[in-house]
Amino acid sequence: GSEAGGEQGLEEEVEDRLKEHMDNLLDKSAKTRQAALQSLHLALSSKTLSEFLLERRLMLTDSLEKCLKKGKGDEQALAGTVLTLLCLQMGSGPEGEEVFHSLKPLLISVLTDNTASTGARQSCATALGMCCYIAAADLE
């Protein structure tokens, strides 16, 4: 009993930190947003969080969209990486497809922007390819 309670408490703590990182994606400070993206990158690449993300995917997608639109260089690159991990977590179902289709035009925009940093363009190319492979129902 106490072991299960301890695990649940730990899981709630992890979820609270993730919520905080998601909130920090909307901060005015670029450093705060980058730190939040790095933390989300670490969390999404080390643990399956599908259920947690399922109910927060729209908020996270909107936040990543803002990071890709308004951010520069490293922030855009990190946002592309987090988007790839979000797509992986959502899988090939309708949720993953929804995330992919909402950000596909923006990924293409950053990818084709000659003024964007090489890292940002590379990250967006990877995100576009991976998300397309995982979540695009349309074969074209």
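- Between L40 and M22 the shortest side-chain heavy-atom distance falls below 4.5 Å.
- A donor-acceptor pair is defined here as one N or O able to donate and one able to accept, closer than 3.5 Å; such a pair exists between the side chain of Q89 and the backbone of L49.
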Is there a side-chain contact (heavy atoms from CB on, under 4.5 Å) between L25 and V82 once you walk through the steps? CA-CA 12 Å; L25 290 178; V82 172; over 6 Å; no
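- Between V99 and L83, the closest side-chain pair of non-hydrogen atoms falls below 4.5 Å.
- In the displayed structure, M130 atom CE is contacted under 6.0 Å by at most 12 heavy atoms of other residues, nucleotides or ligands.
- Residues L58 and F100 are members of separate hydrophobic clusters, defined by side-chain heavy-atom contacts under 4.5 angstrom among Ile, Leu, Val, Met, Phe, Trp and Tyr.
- Once rounded to the nearest 0.5 Å, the distance linking SG of C132 with NE2 of H101 reads 8.5 Å.
- Screening residues 35-44 for salt bridge (charged side-chain N to carboxylate O under 4.0 Å, His left out), with sequence neighbours left out, gives no hits.
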Could you go through L37 and L64, starting from their C-alpha distance and side-chain angles, then the distance that decides it, and tell me whether this counts as side-chain contact (heavy atoms from CB on, under 4.5 Å)? CA-CA 9 Å; L37 285 166; L64 291 172; 3.7 Å; yes
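- The structure places SG of C131 at 8.0 Å from CG of L103, a figure rounded to the nearest 0.5 Å.
- Once rounded to the nearest 0.5 Å, the distance linking CG of D113 with CD1 of I108 reads 13.5 Å.
- Applying the side chain to side chain donor-acceptor pair (under 3.5 Å) test to pairs two or more places apart or on separate chains, those with a residue in residues 41-63 are R57-E98.
- Taking all atoms of both residues into account, the shortest heavy-atom contact from L54 to M90 is N-CE, 3.7 Å.
- Remark: D74 pairs with no residue by the side-chain hydrogen bond (donor to acceptor under 3.5 Å, both in side chains) rule, at least two apart or across chains.
- Taking all atoms of both residues into account, the shortest heavy-atom contact from K69 to L106 is CG-CD1, 3.7 Å.
- Under a cut-off of 6.0 angstrom, the local environment of CD in E15 is crowded, with over 12 non-hydrogen atoms contributed by other residues, nucleotides or ligands.
- Linking ILVMFWY side-chain heavy atoms closer than 4.5 Å, directly or via other members, places V14 and L53 in a single hydrophobic cluster.
- Closest approach of G119 to A77, counting heavy atoms only: O-CB, 3.7 Å.
- In terms of the side-chain contact (heavy atoms from CB on, under 4.5 Å) criterion, residue partners of K66 (sequence neighbours excluded) are, by chain and number, L26.
- Across all non-hydrogen atoms, the minimal contact from A125 to L111 is CB-CD1, 3.5 Å.
- Note: the hydrophobic cluster containing L88 also contains Y133 (ILVMFWY, side chain heavy atoms under 4.5 Å, direct or indirect links).
- Side-chain contact between T126 and T81 is absent, with no heavy atoms from C-beta onward closer than 4.5 Å.
- Sorted by first and then second residue, the pairs that involve residues 19-33 and meet side chain to side chain donor-acceptor pair (under 3.5 Å), not counting sequence neighbours, are S29-T32, R33-E75.
- Residues satisfying the side-chain contact (heavy atoms from CB on, under 4.5 Å) test with A120, not counting sequence neighbours, are Q76, V110, S117.
- In this structure, S39 OG and Q34 CD are separated by 11.5 Å, a value rounded to the nearest 0.5 Å.
- Between G96 and C87, the shortest heavy-atom distance links the atoms O-SG, 4.1 Å.
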